[in-house]
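The chains referred to below are lettered A, B, ... by the order of the sequence lines, with proteins before strands, and numbering in each begins at 1.
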Number of protein chains: 2
Amino acid sequence: MSNTKVLPLLEPEAPAAEAPCCPPLAERPFTAEEAERTAKMFKALGDPVRLRLFSLVASHEGGEACVCDISDVGVSQPTVSHHLKKLREAGLLTSERRGTWVYYKVAPSVVAAMGQMLALPREGA
Amino acid sequence: MSNTKVLPLLEPEAPAAEAPCCPPLAERPFTAEEAERTAKMFKALGDPVRLRLFSLVASHEGGEACVCDISDVGVSQPTVSHHLKKLREAGLLTSERRGTWVYYKVAPSVVAAMGQMLALPREGA
DNA sequence: TGCCTATATTGACGTGCGTCAAATCAGCTG
DNA sequence: CAGCTGATTTGACGCACGTCAATATAGGCA
């Protein structure tokens, strides 16, 4: 019980601290700085190949996938790596090397924050 | 009761029929076609100026604003018009001319669809 | 009709981005 | 160590995009 990961209470390699990103888009106008920061996340999903890669990772078992499992999206392997890097830089994915392979997994808090931004007030309110 | 808009049960100029866009990103891998279509919406919000414009419209009373009310985002007037067109083409905004002014309003169903795409399965599931 | 304001369109310019081939780095295995 | 596979980085190319000034269109008003 010493080297096995029994207590994932805190994960050192996951940033997991970008939660205070932004309010819902309809709550108040975004400041220039908020918009600058947030636009990067939306832009990361604004490419068809990246969207497929993200979907492949997110729909994989445990929200995690090896690069070799998701490289069949119609572009060259360096291009896949390039897009995965973009998604990682945007905070949407995290990567971890395990032996020969590199695994990417979704960053749930960041994705959830994006979803909350798109929440609109109820019609009746 | 003839020319006043008393029954907005169906709005002819609003598309309002893009609901069957895509499943949640984590449900199954996106097809190339789904990714192509969806990426346009995320790309539309992937620019800081557009994000501010969208936020300005969404946070305005009734989710609707005149162009003159939201043109102060640091770029020229033609650029504002260009970005609003992009948001409209992406289906996120609709526009309507009322006399001298043009009003933009959010397309709630499309925004809601984007939000649902970002819904992740619960950790325990 | 003519003028003024509001918004959209056109055309041009520079930058950013997606893409690939080639080279490099990382880790396993013989 | 050599050699192999998986993944990233580098460099180059072409296209798409954000931006603006200039122009055009639309609608009110004198």
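A sub-4.0 Å separation between OP1 or OP2 of dG6(D) and a side-chain N or O of Tyr104(A) is absent. OP1 or OP2 of dC20(C) sits under 4.0 Å from a side-chain N or O of Ser76(A). Note on Lys43(B): a side-chain N or O is less than 4.0 Å away from OP1 or OP2 of dC17(D). Contact check, Lys85(A) against dT8(D): no side-chain N or O comes under 4.0 Å of OP1 or OP2.
Going from atom CZ of Arg52(A) over to atom P of dG18(C) covers 16 Å, rounded to whole Å. Across the protein-nucleic acid pair, Asp47(B) atom CG and dA16(D) atom P stand 18 Å apart, rounded to whole Å. Taking atom CG on Leu53(B) and atom P on dT19(D), their separation rounds to 10 Å, with Å as the unit. Glu96(A) has its CD atom 15 Å from the C1' atom of dG27(C), to the nearest Å.
Using a 4.0 Å heavy-atom distance criterion, Ser81(A) is classed as a base contact. Thr100(A) comes within contact range of the sugar-phosphate backbone alone, with a heavy-atom separation under 4.0 Å but no base atom that close. At a threshold of 4.0 angstrom between heavy atoms, the contacts of Val49(B) are confined to the sugar-phosphate backbone, with no base atom among them. Tyr103(A) comes within contact range of no nucleotide atom at all, as no heavy-atom separation falls under 4.0 Å. Using a 4.0 Å heavy-atom distance criterion, Arg50(A) is classed as a sugar-phosphate-only contact. When heavy atoms are screened at a 4.0 angstrom cut-off, His82(B) is found touching base atoms of the nucleic acid.
Comparing dA6(C), dC17(D), dT19(D) by their closest approach to the side chain of Trp101(B) singles out dA6(C).
Checking side-chain atoms of Glu34(B) against main-chain N and O of Thr31(B) turns up a donor-acceptor pair under 3.5 Å.
A donor-acceptor contact under 3.5 Å links the side chain of Gln77(B) to the base of dA8(C).
Seen from the ring of Phe30(A), Arg52(B) does not count as a face-on cation partner, given the 6.0 Å and 45° thresholds.
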